[in-house]
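Just so you know, ligand 1 is whichever comes first in the structure, and atom 1 is the first atom listed for that ligand.
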Amino acid sequence: MDLRPHHDVLVVGGGNAGISLAARLRRDGCRDVAVVDPRRVHHYRPLLSYVASGMATLDDLRRPQADVVPEGVPWYPDHVVAVDAARSVVRLAGGLELTYGDLALCPGSEVDWDAVPGAEQAMATPHASTSYLPEHAEGTWAMLSALTTGRAVFAISDRHVPCAPVGLKPLFTACDHWRRTGVLDAVDVELLVAGPALVDHAEADRELRAAADAYGVRVRTGTTVEQVDGERRTLRVRGADGVEELAYDALYLAPPHRAPAWIAGSGLDAEGTDGFVAVDPETLQHVAHPRVWGLGDAAEVRTVPSGGALRRQVPVVAENIAARRRGRTLSRYDGYTVAPVTTSRSHLLLAEHDRDGRPEPTLRFPDLARPRRSLLVFDRWLEPPVYWHRLLRGKV
Ligand SMILES: Cc1cc2nc3c(=O)[nH]c(=O)nc-3n(C[C@H](O)[C@H](O)[C@H](O)COP(=O)(O)OP(=O)(O)OC[C@H]3O[C@@H](n4cnc5c(N)ncnc54)[C@H](O)[C@@H]3O)c2cc1C
């Protein structure tokens with residue numbers, strides 16, 4: 001007899017994706033769903049950009065994990081270290097093994113400091129920071145708001161950064177602050193974007209470039225940070241004109257991210273997925289293991305990962321787990337994603353698009369890809385309660 005705990009659906013990762021999915025499955029009548037996640041504190045990560053802009057605190061975005069795990073869902077507070085998909089077994093760091101009927105993988109991604117030598121060391125100085133890690137978010141605003149002269153460099157990687165365009169929020173809120181405090185002319189602002197556009201949405205991209213232009217920001221796309229020297233406060237960057245060294249007084253990074261190593265270690269990635277979970281980008285079913293599903297930042301679904309994307313992915317996975325069991329046709333995810341980007345401390349636009357950059361607005365009117373005061377109020381003040389009280393409870 002197999003004495004290992006068994007769950008009808010086992011969810012790996014209790015972040016935005018995992019908790020929303022577990023809650024949704026429970027609402028749909030699944031009686032036995034369990035979640036594995038080592039963290040005791042849950043983060044509403046979109047607010048990190050506002051912490052890094054001096055417009056929110058870390059307390060605003062944290063809740064005990066025990067408060068967000070849905071009622072009736074067992075929670076294993078441990079790390080998954082390996083999956084044996086051929087035998088339907090998940091191994092935890094503490095040695096416990098769990099078996100499953102279906103497995104949903106959503107452990108998110110992690111900052112890949114190895115990809116930019118020197119960047120992690122630079123983060124330990126007061127002159128470099130990121131909003132992508134809670135421990136640096138407050139320091140980002142301390143650094144930016146203290147700058148009154150010199151060069152501020154903002155660099156956005158194109159390697160699996162969660163909701164990458166939100167890395168522009170600290171830039172625009174800082175520029176607005178420097179303008180209001182009368183020092184903008186004394187700050188030389190450089191924006192280095194690794195991809196070809198600020199956002200994969202033509203109209204929003206135009207709006208953001210116009211806003212950058214109005215603040216006098218020098219924008220360079222197709223430009224990657226290769227190395228940081230925190231002691232000398234210099235960067236090595238590669239762009240259209242080759243490699244150059246750039247000095248900085250303040251450096252903000254939206255750093256490259258990578259998949260947790262155990263995904264590839266368990267053979268759940270595939271060629272071309274960079275170690276991320278290899279799923280059909282539409283059905284979210286694993287390409288080799290039909291009872292394994294992938295969603296959120298850890299899955300390769302060929303679109304910009306975001307919390308907004310999960311509003312579409314979670315119902316698809318919940319429906320498809322049931323559909324596969326009944327032999328029905330699987331639902332499909334079209335790659336919808338969204339990036340809310342501030343253009344000042346009072347205005348924000350929403351770039352909503354599919355995986356090919358085609359606009360996919362939630363509302364036809366008004367045009368949400370234009371900066372609006374109401375959108376900033378929505379994103380900063382109304383979205384967090386929607387997250388805690390609806391999305392994490394499986395209501396879309
Ligand atoms: C700074 C920042 C700003 C953002 N702003 C926005 C925004 O404005 N709008 C938007 O739509 N999206 C935004 N996002 C993106 C959004 O937060 C993510 O897309 C979303 O959180 C992804 O959810 P997830 O569950 O896949 O990953 P996560 O939320 O990262 O959750 C992953 C969970 O898995 C757990 N885990 C990791 N490893 C293991 C393991 N081995 N075993 C078990 N559990 C494990 C982790 O502890 C974590 O709780 C932002 C992200 C960041 C970082």
Side-chain angles (χ1 to χ4, degrees), residues 10-22 34-53 56 61 63 65 68-69 75-83 90-94 98 103-111 129-134 136-137 140 156 160-170 252-255 257 259-263 265-266 276-277 294-299 301 303-314 317 336-342 348 350-352 375-376 378-380 383-384 386-387 391-392:
L10 185 62
V11 178
V12 176
N16 185 348
I19 296 297
S20 306
L21 178 65
V35 171
V36 186
D37 195 311
R39 286 196 198 155
R40 307 276 173 173
V41 178
H42 187 99
H43 289 87
Y44 174 57
R45 303 200 307 159
L47 275 189
L48 286 171
S49 308
Y50 287 105
V51 175
S53 302
L61 60 91
R63 297 278 186 281
Q65 183 75 357
V68 302
V69 174
W75 166 35
Y76 295 88
D78 201 351
H79 289 89
V80 166
V81 290
V83 175
V90 166
R91 201 165 68 245
L92 308 189
L98 306 171
L103 178 68
L105 294 174
C106 36
S109 57
E110 58 194 34
V111 170
S129 203
T130 178
S131 54
Y132 274 84
L133 291 170
H136 290 296
T140 301
I156 317 281
H160 305 284
V161 181
C163 207
V166 302
L168 298 169
K169 277 175 165 165
Y252 168 86
L253 292 181
H257 279 58
W262 56 266
I263 292 174
S266 303
F276 286 73
V277 183
L295 69 164
D297 294 1
V301 296
T303 195
V304 178
S306 72
L310 288 169
R311 290 188 182 205
R312 306 283 175 93
Q313 294 178 17
V314 166
V317 173
Y336 169 87
T337 191
V338 57
V341 189
T342 47
L348 177 137
L350 279 187
E352 297 179 282
L375 284 175
L376 190 132
F378 170 78
D379 189 54
R380 167 60 189 90
E383 274 283 330
V386 168
Y387 180 79
L391 301 181
L392 291 189

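- Smallest separation of non-hydrogen atoms from Asp37 and Gly15: OD2-N, 3.8 Å.
- Looking only at heavy atoms of the protein, atom 13 (C) of ligand 1 is closest to Cys163 CB, 3.4 Å.
- Close contacts of ligand 1 with Lys169, meaning ligand atoms under 4.0 Å from a residue heavy atom, involve 8 (O).
- The residue among Ala93, Cys106, Ser131, Pro77 with a heavy atom at the shortest distance from atom 1 (C) of ligand 1 is Ser131.
- Within the set Pro38, Ala339, Pro165, the minimum heavy-atom distance to atom 45 (C) of ligand 1 is found for Pro38.
- At the shortest separation from atom 53 (C) of ligand 1 among protein heavy atoms lies Tyr132 CD2, 3.4 Å.
- Side-chain atoms of Asp78 do not come within 3.5 Å of backbone N or O of Leu92 as any donor-acceptor pair.
- With a 6.0 Å radius and a threshold of 12 heavy atoms from other residues, nucleotides or ligands, Arg63 has its CZ atom above the threshold.
- For ligand 1, the polar-atom distance check finds an N/O of Gly307 within less than 3.5 Å of one of the ligand's N/O atoms.
- For atom 29 (O) of ligand 1, the nearest protein heavy atom (residue, atom name, distance) is Asn16 N, 3.6 Å.
- Within ligand 1, the atoms closer than 4.0 Å to a non-hydrogen atom of His79 are 42 (N), numbered from 1 in the order shown.
- Counting heavy atoms closer than 4.0 Å to ligand 1, residue Leu48 contributes side-chain atoms (C-beta onward) but none from N, CA, C or O.
- For the pair Asp379 and ligand 1, the shortest N or O to N or O distance does not fall below 3.5 Å.
- Within the structure, the closest approach of Tyr44 to ligand 1 does not fall below 4.0 Å when heavy atoms are considered.
- The heavy atom nearest to atom 33 (C) of ligand 1, considering only Asp37, Val304, Val11, is found in Asp37.
- Under a 3.5 Å cut-off, the side chain of Ser129 and the backbone N or O of His136 do form a donor-acceptor pair.
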*asked:* Apply side chain to side chain contact (heavy atoms under 4.5 Å, CB included) to residues Ile19 and Trp75 and explain how you reach the verdict.
replied: CA-CA 10 Å; Ile19 296 297; Trp75 166 35; over 6 Å; no
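- For atom 39 (C) of ligand 1, the nearest protein heavy atom (residue, atom name, distance) is Pro107 CB, 3.9 Å.
- Closest of all the heavy-atom pairs between Phe276 and Ser109 is CE2-CB, 4.0 Å.
- Heavy-atom minimum distance, Ser131 versus Ala52: CB-CB, 3.5 Å.
- Taking all heavy atoms of Pro46, Gly167, Gly108 into account, the minimum distance to atom 27 (O) of ligand 1 is reached by Gly108.
- Atoms of ligand 1 lying under 4.0 Å from at least one heavy atom of Pro340, given by number and element, are 7 (C), 8 (O), 9 (N).
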*Decide salt bridge (Lys or Arg N to Asp or Glu O under 4.0 Å) for Arg311 and Glu383; before the verdict, give the C-alpha distance in whole Å, the side-chain angles of both, and the deciding distance to 0.1 Å.*
CA-CA 13 Å; Arg311 290 188 182 205; Glu383 274 283 330; 3.2 Å; yes
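- With ligand atoms numbered from 1 in the order given, ligand 1 contributes 25 (O), 29 (O), 31 (O), 33 (C), 49 (O) to contacts under 4.0 Å with heavy atoms of Gly15.
- Ligand 1 lies out of reach of Pro260, whose nearest heavy atom is not under 4.0 Å from it.
- Of the polar atoms of Pro305, none of the N or O atoms is found under 3.5 Å from an N or O of ligand 1, judged by distance alone.
- Scanning all heavy atoms of the two residues, the minimum distance from Gly294 to Val277 falls at CA-CG1, 4.3 Å.
- Of all heavy-atom pairs between Glu110 and Pro260, the closest is OE1-CA, 4.1 Å.
- Taking any N or O of Trp262, backbone or side chain, at least one lies under 3.5 Å from an N or O belonging to ligand 1.
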*Could you please spell out the steps behind the side-chain hydrogen bond (donor to acceptor under 3.5 Å, both in side chains) verdict for Tyr336 and Thr303?*
CA-CA 8 Å; Tyr336 169 87; Thr303 195; over 6 Å; no
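- Pairing each heavy atom of Val35 with each of Gly14, the nearest pair is CG1-CA, 3.9 Å.
- Of the listed residues (Ile263, Asp297, Val80, Val11), just one forms a side chain to side chain contact (heavy atoms under 4.5 Å, CB included) with Pro107, and that residue is Ile263.
- At under 3.5 Å, a nitrogen or oxygen of Arg39, whether backbone or side chain, sits near a nitrogen or oxygen of ligand 1.
- Scanning all protein heavy atoms for the shortest distance to atom 42 (N) of ligand 1 gives Val80 N, 2.9 Å.
- Given atom 21 (O) of ligand 1, the protein heavy atom at minimum distance is Arg45 NE, 3.5 Å.
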_For Thr342 and Tyr50: C-alpha separation, side-chain torsions, deciding distance, then whether side chain to side chain contact (heavy atoms under 4.5 Å, CB included) applies._
CA-CA 10 Å; Thr342 47; Tyr50 287 105; 4.0 Å; yes
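- Listed by atom number, the atoms of ligand 1 under 4.0 Å from Ser49 heavy atoms are 3 (C).
- Ser49 pairs with exactly one of Val341, Thr140, Leu168, Val166 by the side chain to side chain contact (heavy atoms under 4.5 Å, CB included) rule, that one being Val166.
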*Take Tyr132 and Leu253 through the side chain to side chain contact (heavy atoms under 4.5 Å, CB included) test and state the conclusion after the steps.*
CA-CA 8 Å; Tyr132 274 84; Leu253 292 181; over 6 Å; no
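- Atom 43 (C) of ligand 1 has as its closest protein heavy atom Val36 O, 3.4 Å.
- For ligand 1, the atoms closer than 4.0 angstrom to any heavy atom of Gly296 are 26 (O).
- For atom 26 (O) of ligand 1, the closest non-hydrogen atom of the protein is Asp297 N, 2.9 Å.
- Using 4.0 Å as the threshold, Leu310 has a heavy atom nearer than that to some atom of ligand 1.
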